[in-house]
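Just so it is clear: chains get the letters A, B, ... in the order the sequence lines come, proteins before strands, and each one is counted from 1. Treat the numbers as computed from the prediction; the structure is a model and nothing was measured.
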Amino acid sequence: MFPAVDKSESFPQRELAIGEFWKSQNIYEKTLVARAEAPSFVFYEGPPTANGMPHPGHCLTRAIKDVFPRYRTMRGFRCERKAGWDTHGLPVEVEVCKELGIHSKEEIEAYGIEPFIQKCQKSVWRYMQEWERLTERLGFWVNLEEAYVTYHQSYVESVWWSLKTLFDRDLLYQGHKIVWWWAQGGTALSAGEVGQGYREVADPSVFVKFPIVMDDKAKKLGFDEKTSFLVWTTTPWTLPSNQFVAVHPEIEYATVTDSETGEKLILAKDLVETIAGKMKRELKIENENGNTGIDLLELRYMPPFDCFYKKHDTTITKLQRFSFGDDDVEDLTAMRIYAGLSQSGLKPESVEKVFQLYGKLSNSSLAWRVVPAGFVTTESGSGIVHQAPAFGEVDYDVLRDQKARFEGEGPELINCVAPNGNFTDEAPEFVRGRKYEDCNKDINRDLKQRGLLYHQEQYRHDVSFCWRAEEDRLIPYPRESWFIRTTNYKDQMLANNSKIHWLPEHIKDGRFGKFLGSNVDWALSRERYWGTPLPIWVCQETGKKQAIGSYQELLDKPGCTGTEVWDEAKAANPDLPDDLQVHKPYIDAVTYDSPFAKGATMQRVTEVIDCWYDSGAMPFAQWGYRGQESGPERERFESQFPADFISEALDQTRGWFYSQLAISTLLWGNDEARMSNDEQKKSTFDIRHSSFPYPHPFRNCIVLGLMLGEDGQKMSKSKRNYRDPSEIFDHYGADALRWYLFANQAPWTSIRYSEQSIKDSIPEFLLRLWNVYSFFTIYANIDGFDPGKEVGSQGTEDRGWDAAKSYRPMAERSELDRWIISELHTTTAKVVERMDAYDNYAACQAITEFVDALSNWYVRRSRDRFWANDKQSPEKLDAYWTLYECLITTSKLIAPFVPFLAESLWQKLVISVFGDQVEESVHLCDYPTSEVAAIDEVLSARMNLVRHISSLGRKARSNAELKVRQPLASVQVILADTTHKDWLVEHAAVIAEELNVKKVEYSDQPDQYVEHEVLPNFKLLGPKLGKLMPKLKPALNQENGTELLANLRDNGKINITIEDKKLELLPEEIEVRIKAREGWAAANAKGVVVVLATELTDDLVAEGLARDLVRVIQDQRKEIGCDFTDRIEIGIVTESDKVKQAIEMFGDYLADETLANSITQKSIDKIAGNSVKIGEHEATLHLRVAP
RNA sequence: GGGCGCGUAGCUCAGUUGGUUAGAGCGCAGCCCUGAUAAGGCUGAGGUCCCAAGUUCGAAUCUUGGCGCGCCCA
């Protein structure tokens, strides 16, 4: 016996029980044990941060991360799933600061780095429980117990090892990074913090003359000593730090003469009038043809303050340009880089011009030159922009790009403002030691006195202020920072990227490829506290540096001291996790003797690293791999690299997807630079896959769309535009959510979260399948169908039940059985094919269609067999076996998608009857495979046709307002394509039953019912006919379709004339459609017309009434709570002769259908009658269970 | 401002290499069925495939340019 279906139990309730079962029986672990020797399918978990609550978006990620490993496991792979947690970074610090009510770095240091770090470590687990609960409740199988954690010592050391490797290969260097700087507080702010404090203020907007330096080029362009660039800026205080002026290469520039002073100015032609208006004087354009920005490039000028100019005057000439010939550089991307225009949106031809110009020049100076920039506009200012790379990120990029073209000494970055906001001693004397923001006026006054200030005005714009000190402005400011030379590996990263299978595909060359193409060196260091410490120690005397690859390596250094700081902390607080010893502040205390200078010590730099580096290092750091030649770490790493599958949301393109690829490429790329380093060559861990020559860390990556809130906005905590996932689990269940996520759209669609849609996915699929199962159980139990008893110890796998005595070979079963089994195999083939291609959406659609066919055609058409009285008839047993097989296979098919429901079905249908002879969980089974022999495409097509005809018949009935209960004499079926006609004739009974008609006829003379329409086959005729094509359809339309067909039948072709051109159309070049003629109760579609005979005879009417009676009686049975098998007695009292007649004529039928022992036309004693309506007629129905 | 993606029914989304009646589910309307029954099914209405131009015999699909939305970057 199968356990009865408990109707009071909800899906969520069953899921909880299943979850308990998995846990108590260690099913997940068993799936791994079962595949211990199998080939591996490698999955990487991109580590989430557990210091915030999980939201529905995380459900999508985790659901997708679950379905493919489950699928591959059932397909015979060993798929370990190591969980991981991202634990470092600013967000953690911000959380802790909030808790402490403090903000600045000063406050953190006042609070104490040591307690602060300890709080950070605790804080990262704040929502751990919620995450684990979500993971478990969603059915995401992943090894949480052995999760990797980025702050763990072994992880940190792994990261150190990789950084040491890069350092030793000269891929780590120090440079500047422009950050948003709070000078008063002495700290940088994160982008998020900056965004909080924008305000509109009025600033000076000044136009300053930069006199041109008269060299050959200036002379050639016709300038003279009185010529100046008219340069615009809104930050006069940055003028002493001027390094370039920027022009747009495509803008036209004019040279004008000031009518009052006679001086000449260079500015954008479009702005001449505007500025003349401001000055209220005439500016006479001297050169009507003008120059474009390109013409002005490389011209030199005198900066407004000479403090740096003087100092570097002698060094600038030393700079040598990298030489390159035209042959070296072919593609535009390379040109952009050489021309220093990698970030600009310039036209290709402009880039090429700049590139060629630079190629011709042999020597130049680095600073105080005209350079090209794409961001210059003519919307405001003068079209010539002052560049102080120290105080702007775009300005800094210009410097970086320019520097790339030179080698030798030169002014690196000109900056005469100290971090506290005061001018340094390098600044002009009158501002030294003063706050930068107090000096704008004095600088302007000075410029005016020296005749350099052309114009000044006020300018309103948005400026960022510190969100915790309202009056303090933030300024872009350069900070020393460590960089990874990723740009050296750009080509290799691109090559690696090309080998990755991205879904959707456009990520490869689109978002991700473009991002790689404009790669800049990775700014690695952070001036923060909670992160992986940068493992670089500096000689306090010489400034020389060393990288350290592990804690032990550090301890082994001669003269190593400072570990007592940790020891004392640990002694005072034994609960401190040992992992903290490799963190700030403890690690900062550890020093050792400098190998570079006697008596000097090596001390660690103060920075920690970008936490994206942590996550990108996970392919090896999750195992604590540190380059070992052998051992368990090496083995784990080697066997689990690269990943076959990863998946995260779109926002990870610049995050985890990039960090993984960059780190892997740098560590294991096989470029020349890398190979020339002998020392490294020796210890190289060489990963070469024959089919994947590049070490890309993952082979397949599904990039998920972002999940938006109900309102279409980004999900946000403050807006509360989504429900807590746990509510969804409680109301609808994890399977409902999973199926909604898998089956409704491609995973990269950015879906709008919709509770209603989750709700809707239940009846559409889950409940429908459940009902089929429920139907099966009810009747199997009634009839005592027990596969377990028959099959015994054979189990269900590999058709163990072939041994069962009532199990007949498929060939002996009915067509309907063979059909559904064929559909089952077709579905299986499709699901496997799509899932192998990481296409869960199409796979789910195939499953949905199958369950629909099973429920709405197989079960429906098999009901007679399930209801038949003879419990042992072969036909009945066939139906049970077939449906049973379908349900079991379906439970396996759906197991990766809706693991709970699948398990429920497996437990109730299989375990209940086979016990421990079979796999104790559906997830331990092999995934179904399809047998070609079981697939019968012709049968499938024919069955579809029957379903189609039935559907049309119902439509015709509906049109004619003849309900299905009313039998009709006949239908005529007319087929445009008669391929399957003979088969259909044999199966007329099915259609007759579906449509409740006595006879189905396949009309030989359809002309009275239908008209034919001949349409061209566009695909075949299009290329042949060309321009005549559009005229063919109307021409064919005008002809009589029936005649055309006769023509075709007689001559094998159709002759038609269009515009005096005679055409012959072959049978395959046309398509014949048929359409019902007016005046018939008919419906047509897809080459089929169904025509109803609408006349009703007395007999038909009586039969209709009998069926109505059945319905009324069944209703009554239900009302009084009859079991399906209860026998009843019926009394019907009516005045209607027609009803009386119907009862007499169809008494047996009525009794049979309703399990009535007797039907009388009298009332039954003590049983109250019920007034009912039979068709148009009144009657009173008495009904009781037979004694 | 740049890059990428998207725009198809009231809603959520499919739509393979261009081929002439553009699909599904929900919702809505009408109906059916009733031994899966606080289920199930059928039918219908509903579309300028964002707009414009182009390529083509033919465009939801390809190209270009707009408009709108989203994400990332600046």
A36(B) base / Ser855(A) side chain donor-acceptor hit below 3.5 Å: yes

Base-pairing mate for A59(B) - Watson-Crick or G-U, with both contacts under 3.5 Å: none

Pairwise P distance for G15(B) and G7(B), with rounding to whole Å: 10 Å

G-U wobble or Watson-Crick pairing nucleotide for G46(B) (cut-off 3.5 Å, both distances): none

C28(B) and C33(B), which share atom name P, separated by this distance in whole Å: 22 Å

Side-chain donor-acceptor pair present, Gln845(A), Thr848(A), cut-off under 3.5 Å: no

Identity of whatever pairs with G70(B) - Watson-Crick or G-U, under 3.5 angstrom: C4(B)

Short side-chain N/O contact to U43(B) OP1/OP2 from Ser951(A), under 4.0 Å: yes

G65(B) - base-pair partner by Watson-Crick or wobble geometry, distances under 3.5 Å: C51(B)

Sugar-phosphate, base or nothing in reach of Val5(A), heavy atoms under 4.0 Å: nothing

Sugar-phosphate only, base, or nothing, as touched by Asn771(A) at under 4.0 Å among non-hydrogen atoms: base

Plane angle bin for Trp739(A) and Phe897(A) - parallel if under 30°, tilted between 30 and 60°, otherwise perpendicular: perpendicular

Base paired to G25(B) (Watson-Crick or G-U; both N/O distances under 3.5 angstrom): C11(B)

Parallel, tilted or perpendicular: ring planes of Phe785(A) versus Tyr880(A), cut at 30 and 60 degrees: parallel

Opposite nucleotide pairing with U20(B), Watson-Crick or G-U, both atom distances under 3.5 Å: none

Ring centres under 6.0 angstrom apart (Phe515(A), Tyr658(A)): yes

Sugar-phosphate only, base, or nothing, as touched by Thr848(A) at under 4.0 Å among non-hydrogen atoms: nothing

Euclidean distance for C1', G2(B) against C62(B) (whole angstrom): 25 Å

Nucleotide opposite A39(B) in a Watson-Crick or G-U pair, distances under 3.5 Å: none

Rounded interatomic separation in angstrom, taking CZ from Phe515(A) and C1' from G3(B): 12 Å

Centroid-centroid under 6.0 Å between Phe765(A) and Trp770(A) rings: no

